[in-house]
Amino acid sequence: MAKKNSNQTSDLRAKSDDQLTADLGDLKREAFNLRFQAATNQLERPARIKEVRRGIARVKTLQGERARTAK
């Protein structure tokens, strides 16, 4: 599992700031849709909520790192 996460992180590090912002928007939209599906009992993969939340955290962490190093 750690190998998979490191690959995701290295893929994110290769992206530009604009791409990260776009990815964050997509992930937030997906999280909203998943919450809506969960509320209406139509959620097929409950574990996907956790994956999306962690993806959002990864992107925000990288954005924070870049903001701190830019100063």
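Worth saying up front: this structure is predicted, and the values here are computed from it rather than measured.
With sequence neighbours excluded, the residues that form a salt bridge (Lys or Arg N to Asp or Glu O under 4.0 Å) with Arg45 are Glu51. For Glu65, the salt bridge (Lys or Arg N to Asp or Glu O under 4.0 Å) test picks out Arg13, with sequence neighbours left out. Partners of Ser16 according to the side chain to side chain contact (heavy atoms under 4.5 Å, CB included) rule, which considers only residues two or more places apart in sequence or in another chain, are Asp18, Gln19. Partners of Ala57 by side chain to side chain contact (heavy atoms under 4.5 Å, CB included), not counting sequence neighbours: none found. Arg66 pairs by the salt bridge (Lys or Arg N to Asp or Glu O under 4.0 Å) definition with Asp17, not counting sequence neighbours.
In this structure the side chain of Arg58 never reaches within 4.5 angstrom of the side chain of Thr61, judged on heavy atoms. Between Arg48 and Glu30 the shortest side-chain heavy-atom distance falls below 4.5 Å.
The line from CD of Gln42 to CG of Asn33 is 11.5 Å long, rounded to the nearest 0.5 Å.
The other members of the hydrophobic cluster of Leu24, by chain and number, are Leu12, Leu20, Leu27, Leu34, Leu43, Ile49, Val52, Ile56, Val59, Leu62 (side-chain heavy atoms under 4.5 Å, ILVMFWY only).
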